[in-house]
Amino acid sequence: MAPRKLRSSNASAPRLGKPLKRAFFGRSVHEVAPDLIGATMLVGGVGGTIVEVEAYHHTDPAAHSYRGPTQRNRVMFGPPGFAYVYRSYGIHWCVNFVCEEEGSASAVLIRALAPTHGIGAMRRRRHLVDVHALCSGPGKLTEALGITIDHNALPLDRPPIALHARTADVEVATGIRIGITKAVELPWRYGVKGSKFLSKPFPK
DNA sequence: GCTCGGATTGGCT
DNA sequence: GCCAATCCGAGCG
């Protein structure tokens with residue numbers, strides 16, 4: 001039989017679900033966060049399946065918006081459906097999706113992806129071969145997808161950003177958030193328990 | 001205007 | 001497990 005033609009970089013990519021519109025984000029951050037698990041995030045056609053996120057609510061002392069608007073966090077106080085990008089530890093970029101309604105200043109931090117699209121591009125940007133470590137942390141995935149402050153305030157439903165709903169049911173685990181020192185006990189981390197692409201495993 | 005520390009990562013002990 | 005890298009917002013004076 002004739003050999004099947006191999007697709008070079010997207011061979012493991014699942015069929016994409018329907019595009020997520022801006023209205024998807026106009027809900028409670030605790031509804032949006034679990035609904036993002038299993039969705040596909042692409043920037044310039046490069047990305048993968050979201051496997052780990054964290055919710056940050058404006059009433060939450062760990063949220064950047066907790067003390068009101070600043071130059072850095074002003075996008076969080078705008079309408080839902082936009083990207084909030086900030087610099088972490090002076091070195092890395094982290095990306096959030098603004099949720100709820102204008103002024104509620106709540107967002108979901110994207111923490112890890114299972115790479116599916118443009119894995120070669122991600123490996124080049126990360127100078128890394130192991131696919132499991134390409135996007136296994138909030139600073140890693142922004143480097144892999146080429147996200148910088150230039151992406152701050154961009155709409156989530158327009159190029160270069162594209163989000164697609166998940167196409168299969170996923171069991172979403174919850175746990176305490178990673179790396180924070182305030183409100184450490186809130187179980188606002190959501191993800192795929194047992195995934196090899198997490199920043200850290202969910203406890204048993 | 002100065003100091004402190006963070007929604008992190010990777011390298012070294 | 002420990003720690004440096006490196007920027008900027010927050011808190012205080």
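Proteins get letters first, then strands, A, B, ... in listed order; numbering begins at 1 in each.
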Kindly confirm or rule out a cation-pi arrangement of A:R74 over A:Y84, judged by NZ or CZ under 6.0 Å from the six-membered ring centre and within 45° of its axis? no
What string of B, S and - do you get for nucleotides 3-13 of chain B 5' to 3' if you count protein non-hydrogen atoms under 4.0 Å? ---BBBSS---
Base, sugar-phosphate or nothing for A:R67? Non-hydrogen atoms, less than 4.0 Å. sugar-phosphate
Ranges pairing with ranges for DNA chain C, where each run has three or more Watson-Crick or G-U pairs under 3.5 Å: B:1-6 with C:7-12, B:8-12 with C:1-5
Any side-chain heavy-atom pair of A:L36 and A:F97 under 4.5 Å: yes
Measure the shortest side-chain to side-chain distance between A:H151 and A:T148 over non-hydrogen atoms and say whether it is less than 4.5 angstrom. yes
Span that lies between the C1' atom of B:dA7 and that of C:dG1, in whole angstrom: 22 Å
Any side-chain to backbone donor/acceptor pair from A:S195 onto A:V192? Under 3.5 Å, distance only. no
Sequence neighbours excluded, the answer for side chain to side chain contact (heavy atoms under 4.5 Å, CB included) partners of A:I149 is A:W93, A:N152
Electrostatic pair A:K182:A:D60 at N-O distance under 4.0 angstrom: no
Is NZ or CZ of A:R87 both nearer than 6.0 Å to the six-membered ring centre of A:Y89 and within 45° of the ring axis? no
Considering only heavy atoms from C-beta outward, does the side chain of A:E52 approach that of A:Y190 to under 4.5 Å? no
